[in-house]
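As structure tokens, the structure follows; a few thoughts come after it.
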Amino acid sequence: MSRQLTCSLCGHTFDPAAEAACVSCPVRKGCPLVCCPGCGHVTVDTERSRLVQLATGLVHGKRRGQDSAPTDRTLADIAPGDSGVVKGYCPSIQASRREQLEAYGLSAGRGVAVVQHAPVTVIRVDHTELALETELATAILVHR
Amino acid sequence: MSPSVATRPVDIPMTVPATGGRIALVGQPNVGKSLLFRALTGRHVLVANYPGTTVEVAQAAARFQPEVVVVDAPGIVTLPARSEGEHVTVRLLLERDIRAVALVGDAKNLRRTLLLAIQVAEMGMPMVLALNMMDEAEEHGVGVNHELLAAHLGLPVVPTVATVGRGVDDLARSLEAAEESGFRLAYPAEIEEAVAAVVATMACAPIAPRAMALLWLAGDPIAAGWVAGNVASAVHDELEATRRRLQLGFREPLSSVMQATRIAVVDRVADAVVTDRRLGLSGWRAGLGRLSAHPFWGLPVLAGVLYAMYWFVGVFGAGMLVDALEDGLFGTAINPRVIDWVRDLLPVEPIADFFVGDYGLWTTGMTYALALILPIVVTFFLAFGILEDSGYLPRLAVLTNRVFRAMGLNGQAVVPMVLGLGCVTMATITTRILDTKRERLLVIFLLALAVPCSAQLGVVMGLLAGISFAATVIWGAVVVWVLLAIGWLAARLLPGERSTLLVELPPLRRPRLGNVVLKTLARVEWYLKEVVPIFLAGTAALFVLDRLEVLPRIVSAAEPLVVGWLGLPAAAATAFLMGFLRRDFGAAGLFALAAGGLLSPTQLVVAMVTITLFVPCIASVFMIARERSWATAAGVTVIIFPLAFLVGGTLSRTLTLVGWGA
């Protein structure tokens, strides 16, 4: 899904990967700055700079990914200690794995709390604790 | 997993007479099913492989009705069945002498319990729902209105606490009086139409024809097997066509569609009968539970657990007990007498040698199995039983997942790998707990290659410690590196995908000593029945090789390789050959060479690395053949042999080049 960025000067919303004014810039690859196609103002693409994420995280006490559109959120994006509600599954997940997760209580509409993400994701659903690898956590869609 | 896994030719007949039919205990993993089984049955428990599979099933006469046998079915998460254990559970349910089902569920996780319960209730057998672990549910603030639940499901619901025997008598009474459940679920109209179209062909099914039709439509491999065997092939083609047409109407697999219907019903029932004050678990159990899976604090806990296990199994079991049994009891008391007695009885030398010679069934095979491996097995199973019942094992899988991930496995592989440090032959059998054939094969290969068993480990460590600490470090580093590198490579070469980790972390519980001891006894019995014959077969093969004087010829053929490539004295070739027959004999042979001052430190390290990686003992090769196939056993041997020599020779050259040990 294409990502949207809002210019901090003119408020124009655009897709930094395709619509930025600087797509033809020779040093664009890996550059965390992006030019707004509306006004040319240079904004920081937070997704591309770990350092900026770290800094904003320290200031706001938020985790990476928390600002993205709600449709993009997966279980892996929920910070340890927080909880969410299962919305569904990514189509990429194996049907049998999905049925197994549902049988453990991870079905749409059920609340789920994240305990930790390392070394693997540990979640609590009902009164069950489950450990699952990040690949599985990213296939479970949640909203808060 | 393919259903073919469930039809391997290893079985022991189920010999408990069940004139009054059988009662199946069915439930998800970690719901206290085995404890309830012990509470319902008497003392004589038969643990045996389910016919045609490698899955163990416990059976015993019911305490309340001696002519009825209670069967403890393997845990099942949901239908259709996916793992080998789940296949066995479905096959059990399809047996005609099942007179009732006790569905055991975790009271505090009623939704999970109900999802399985309604699937089994649909099968139409007399059934009772046992809501177990009521004490934990109360602790968590969960209350279940079981009378209302019984009314919703149309079957008796009995609250139980298996750990203290609460509700067990009620359960027994309900099972005696159990009747068919009237529970029936309405699926989407398209599915109902398909069921109506196929159900007539399943009229003679051992469960309700409608349930068989649903199970078959959902793609359950055991139901597929039954239908294929009981329906004419022309009709079978028609059924397949019906299923294909039905599937076209849905984006998701039929099993997912059916599950969604069931989940909706489960949610409705659970909302009506459960009150949940959502009390989190507190106290030492919750704290320790969190610590033991914590990314940082989990490691000291892991180190503590491993050290305690090392002390109990390695120092106490493999050290003290083995010394007392092997040198003491067998070496000085039993074996001299047995040898004299056999030689008197059978004065013909080759025949006497077959029993009590250098490679005698008694002096090598039985002594090895009883004096060397049995104490290790007993102490290991005791420690393992405690870990298993305490709920720590899944946390171990969580902590080690990253390491095994690199080798194309997941954290669940930790159990056979750790057991391999005790006895590789035994560990080979425990690979059955892994989900896929691919993982089992990978672990079996890595066990055979780079995991030294305790017998060998003892000799290797003793020898290396005699040179220097650096020697031990070099040996350990090379072996671990080979394990990781070859694991990484094998995972990429072997077709198929790695299965991601998904395990339940049950709350930590205080293990019940009685249950641990009974489990250990059952496992020791199994060891004596299944593993000891393998040791004896290995010894017999050895005896024949020795008699035919094949051994010296192999040694002389291997000499150039040992002398030229590994840079070791010619006599080391004999030690390597012995290493194949008994891993520790090989290391001990090198020990003798070292004691005679014939090996330099470099040579000793090279020899130890090579013999550690070298083909495992003959018993574990036999075990690989039995668990998988002779082709696999041959393949593993053919890969490991040159690999061990390649690593050994390379190490020899590297050490000489850097001038170590000179």
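Numbers restart at 1 for each chain; the letters A, B, ... are given by sequence-line order, proteins then strands.
Interface remark: of the candidates B/Asn410, B/Val398, B/Asn109, B/Leu115, B/Asn109 forms the most heavy-atom pairs closer than 4.5 Å to chain A. Of all the listed residues (A/Ser107, A/Pro91, A/Gly105, A/Ser96), the one sharing the greatest number of non-hydrogen pairs under 4.5 Å with chain B is A/Ser96. Listed options A/Arg98, A/Gln100, A/Arg110, A/Gln94 were ranked by heavy-atom pairs under 4.5 angstrom with chain B; first place goes to A/Arg110. For the set B/Asn401, B/Thr78, B/Asp267, B/Asp106, the entry with the most heavy-atom pairs within less than 4.5 Å of chain A is B/Asn401. Taking chain A as the reference chain and counting heavy-atom pairs below 4.5 Å, the highest number among B/Arg251, B/Gln259, B/Glu504, B/Lys108 is found for B/Gln259.
Using cut-offs of 30° and 60° on the angle between ring planes, the pair A/Phe14 and A/His12 is parallel.
For B/Arg290, the CZ atom counts as loosely surrounded, since its 6.0 Å shell holds 12 or fewer non-hydrogen atoms of other residues, nucleotides or ligands.
In plain terms, the two heavy atoms of B/Thr400 and B/Gly411 that are nearest each other are OG1-O, 3.9 Å.
For B/Asp276 and A/His127, the side-chain atoms include at least one donor-acceptor pair closer than 3.5 Å. With 3.5 Å as the limit, one finds no donor-acceptor pair spanning the side chains of A/Arg97 and A/Tyr89. Looking at B/Ser255 and A/Glu99, their side chains do bring a donor and an acceptor atom within 3.5 Å of each other.
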Might you work through the side chain to side chain contact (heavy atoms under 4.5 Å, CB included) test for A/Cys10 and A/His41, ending with a clear yes or no? CA-CA 8 Å; A/Cys10 67; A/His41 175 70; over 6 Å; no
Test A/Ile140 against A/Ile123 for side chain to side chain contact (heavy atoms under 4.5 Å, CB included), laying out the working first. CA-CA 12 Å; A/Ile140 303 168; A/Ile123 56 168; 5.6 Å; no
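Of all residues spanning residues 130-138 of chain A, those with a heavy atom less than 4.5 Å away from chain B's heavy atoms are A/Leu130, A/Ala131, A/Leu132, A/Glu133, A/Glu135, A/Leu136, arranged by number.
Between A/Val112 and A/Arg124, the closest side-chain pair of non-hydrogen atoms is not below 4.5 Å.
Only the side chain of B/Ile263 comes within less than 4.5 Å of a heavy atom of chain A; its backbone N, CA, C and O stay farther away. Heavy-atom distances place the side chain of B/Pro80, and not its backbone, under 4.5 Å from chain A. Contacts between A/Thr128 and chain B at a heavy-atom distance below 4.5 Å involve backbone atoms as well as side-chain atoms. For a residue to count as touching a neighbouring chain, one of its non-hydrogen atoms must lie under 4.5 Å from one of that chain's; by this rule B/Val142 touches chain A with the side chain only. With a 4.5 Å cut-off on non-hydrogen atoms, A/Glu102 touches chain B through its backbone and its side chain both.
Ionic pairing of B/Arg111 and B/Asp271 is present here: one or more N-O contacts between side-chain nitrogen and carboxylate oxygen are shorter than 4.0 angstrom. Salt bridge absent: A/Asp126 and B/Arg112 never bring a charged side-chain N and a carboxylate O closer than 4.0 Å.
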